[in-house]
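Data first, discussion second: the structure below is written as structure tokens.
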Protein chains: 2
Amino acid sequence: MVYGSGAADAAADDRLDAVFAALAHPVRRELVQSLARADAPLTMGRAAAAHGLSPQLLNKHAAALERAGVVRRVPRGREKVLELDAAALAAAQQWIGEARAFWQQRFDALDQYIADLEDESA
Amino acid sequence: MVYGSGAADAAADDRLDAVFAALAHPVRRELVQSLARADAPLTMGRAAAAHGLSPQLLNKHAAALERAGVVRRVPRGREKVLELDAAALAAAQQWIGEARAFWQQRFDALDQYIADLEDESA
DNA sequence: GCAATACTAAACCACATGGTTTATGGTTCG
DNA sequence: CGAACCATAAACCATGTGGTTTAGTATTGC
């Protein structure tokens, strides 16, 4: 154990806040999907057109994704290409996975508990 | 393919909105963790006390989790026990997983593409 | 029935967010 | 240089969210 075990440091917490919040909007999820499947680098302009968004609005959504570390905007000439950073997604996915793992184990324990009760009452 | 492939029906979309939004708050994530690890049924009152929240505030957070289908509130006497529904979490986790899978495959394809370029230039 | 208990509803406030319109910094290309 | 283009900033509005205070609705137990 390195620092605190119960409080689960605040920086990671903030990051998860941002990642989950970023994914909590259909447009941003579609954006992420586009980036995940894209076979060619996607610029802001092309992304906006592809999703029928104004450049300004896309900019805001891209900023949200960037805040969360899900996406980087890399300048190339006068345009910027969007790059997905799968690490942030992995962190969120892992969080859910851990919660589910705990739950599964608790579920099994409850099962056992109920079985024990039935043994006693038998 | 059943209905539309591009639009990915709106109901599932709304559900994901709610689940990700629900997880985008540290208190609610801690709540979920509590429920996942709990070895005894957790009531609203006990949950509020455990996290140092007013009953009213916990009620709001619980409502958010319930909207998302992450949690159910089952009346038992004059209190309500919180039950976690892992299915909603699974849906969110799976969404991320798919995005990551696509990305991985695109990543490999890009790798191949670059290798091809280097072959040509050699 | 009555008091205490457990949860919920409502009103309200400060602040964040999604979205539009308008305007501004850079970068290419004629 | 100047015009066109890409991306962003700023101002602004409507709505949603986190949080508190206050009040209300059941349910237990005397």
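These figures come from a predicted structure and were not determined experimentally. So you know, we letter chains A, B, ... as the sequences are listed, proteins then strands, and number each from 1.
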Between Leu82(B) (CG) and dA6(C) (P), how many Å, whole number? 15 Å
Grab the CE-P distance between Met44(B) and dT27(D) for me, whole Å please. 16 Å
So does His61(A) get a side-chain nitrogen or oxygen closer than 4.0 Å to the phosphate oxygens (OP1/OP2) of dT17(C)? no
Taken to the nearest whole Å, NE2/His51(B) to P/dG18(D) is 16 Å
Please determine whether a side-chain nitrogen or oxygen atom of His25(A) lies at a distance below 4.0 Å from atom OP1 or OP2 of dA16(C). no
Return no unless some side-chain N or O of Lys80(B) is found under 4.0 Å from OP1 or OP2 of dT8(C). yes
Figure out the CG/C1' separation between Leu23(A) and dG18(C), and round it to whole Å. 17 Å
With the side chain defined as heavy atoms from C-beta on, Pro55(A) is closest, among dT8(D), dA9(C), dT20(D), to dT8(D)
The nucleotide from dA9(C), dT22(C), dG18(C) with an atom nearest the side chain of Gln56(B) is dA9(C)
Using atom types as modelled and distance alone, determine if a side-chain donor or acceptor of Arg29(B) lies under 3.5 Å from a backbone N or O of Asp13(A). yes
Quick note, Ser54(A) side chain, CB onward, closest among dG19(C), dG18(D), dT20(C) is dT20(C)
Just wondering, do Glu79(B) and Met44(B) contact through their side chains at under 4.5 Å, heavy atoms? no
Asn59(B) has an atom CG; how far is it from atom P of dA23(D), in whole Å? 18 Å
Base, sugar-phosphate, or nothing: which does Arg46(B) touch, judged by heavy atoms less than 4.0 Å apart? nothing
So Trp95(A) and Phe20(A), would you call those rings parallel, tilted or perpendicular, with 30° and 60° as cut-offs? perpendicular
Measure from the side-chain heavy atoms of Arg78(A) and tell me the nearest of dG18(D), dC5(D), dC7(C). dC5(D)
Measuring from His51(B):NE2 to Arg46(B):CZ, what's the distance to the nearest 0.5 Å? 10.5 Å
Should the side chain of Glu79(A) and the base of dT27(C) be counted as holding a donor-acceptor pair, with the cut-off at 3.5 Å? no
Would you indicate what Arg76(B) reaches in the nucleic acid, counting non-hydrogen atoms under 4.0 angstrom: base, sugar-phosphate, or nothing? nothing
note: Leu65(A), atom CG; dT8(D), atom P; distance rounded to Å ~ 13 Å
Expressed as a whole number of angstroms, how long is the span from Leu57(A):CG to dA11(D):P? 19 Å
Length of the NZ-C1' vector between Lys60(A) and dA7(D), whole Å: 15 Å
Ignoring hydrogens and angles, tell me if any N or O in the side chain of Arg28(B) forms a donor-acceptor pair with the backbone of Ala22(B) under 3.5 Å. yes
Regarding the side chain of Arg73(A), the nearest nucleotide among dT8(C), dT8(D), dT20(D) is dT8(D)
